[in-house]
Amino acid sequence: MPKRVCVIGVGFMGGSFALALRERYADCKVFGFDINPEAISKALYLKVIDEGSVHLEDLLPFEPELIVLATPVGAFKSIGKALASFDLPKSLITDMGSVKGHLVYMMEEYLGERFVGGHPIAGTEKSGVENSVRDLFKGKKCILTPTGRTSHQAKEKVKELWTDLGCFVEEMDPYLHDYVFGAVSHMPHAVAFALIDAIIKLSKDGVDLFEYPGGGFKDFTRIAMSDPIMWKDIFIENRENIIKAIDIFSESLKRLRDLIIDAKTKELTEYLREAKKQRERVK
Ligand code: NAD
């Protein structure tokens, strides 16, 4: 049971994690660091964290047992470097970033065997600490991405923590993680953003198509309301997998387009029937 935890990046995920921790472990104190002073003042006002600062070095006197990175993944490099320059011999370090692969090996270079890559498969399109949800992680998967170098003890502690917060923990190779989530999460987000871009282009001659959406459009494009900074970082850091997934998606879309152009009713129905069948498997 951790008693002093530092959350770096006090936004939606960091705030939800802090709330969940404080609910699960009554004696746990949370220190928050964020570059945005508003995030810290909101988090203190909402009692999401106990202490907070916009200066990373202020975490030193707090002596955290666990440090959790919850910033956009593009910030990991500078944070990893800064943490490596501090004297924090007793701190385990983990993260909640949506990209693992090379970032996990980079963080290990800075922080050594006490770094354990993690990614809770929980979230929404909302961002910011004011949207934090206490039971966000209950019943969700959390992927840990240990490497050959990860300390067994560190991994077990991080695993126990996520299990205590209600997650089903699964271990995965960091690069496999990026292939899997490049396909089932990052590519669908790319498609949703691009779909909105297409609707902007189709809205012409005084017709604002955004005035006419039905339930299908809203369901499909909810994730296009996600934070642009966070998604810019994910797209860049996992670009190889995302590009491959977008290419396969383009082939699938072209196949659909061809079936429609040629009015191949039998094959078109079969294409749609198979898609429906596979989608129904998702719990
Ligand atoms: P968010 O925008 O709500 O919060 C991010 C916070 O990090 C902000 O308060 C921002 O000011 C702060 N920040 C940015 N750069 C910083 C830096 N260099 N140092 C300190 N603080 C910094 O974003 P979020 O939704 O909480 O996402 C955080 C992380 O969690 C991302 O890595 C994301 O990939 C991952 N994640 C998000 C979701 C989701 O659904 N939102 C799900 C799983 C994982």
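Start at 1 and go down the list; that is how both ligands and their atoms are numbered. Hydrogens, waters and symmetry mates are skipped; everything else that's a heavy atom, side chains included, is used.
- Under the 30°/60° scheme for interplanar angles, the aromatic rings of Phe235 and Phe193 are found to stand perpendicular.
- Between Tyr175 and Tyr105, the distance separating the two ring centers is shorter than 6.0 angstrom.
- By the side chain to side chain donor-acceptor pair (under 3.5 Å) test, Asp58 is found to be paired with Ser53, residues two or more places apart in sequence or in another chain being considered.
- Counted within 6.0 Å of CD on Glu267, heavy atoms from surrounding residues, nucleotides or ligands total more than 12; the atom is thus considered enclosed.
- If you run side-chain contact (heavy atoms from CB on, under 4.5 Å) between Thr145 and each of His177, Lys155, His119, Glu170, only His177 comes through.
- For ligand 1, the 4.0 Å heavy-atom shell contains residues Gly9, Val10, Gly11, Phe12, Met13, Phe33, Asp34, Ile35, Asn36, Ala39, Ala70, Thr71, Pro72, Val73, Ala75, Ile79, Met96, Gly97, Ser98, His119, Pro120, Ala122, Gly123, Thr124, Ser127, Gly128, Met230, Ile234.
- Atom CD1 of Ile67 sits about 4.5 Å away from atom CD1 of Ile93, to the nearest 0.5 Å.
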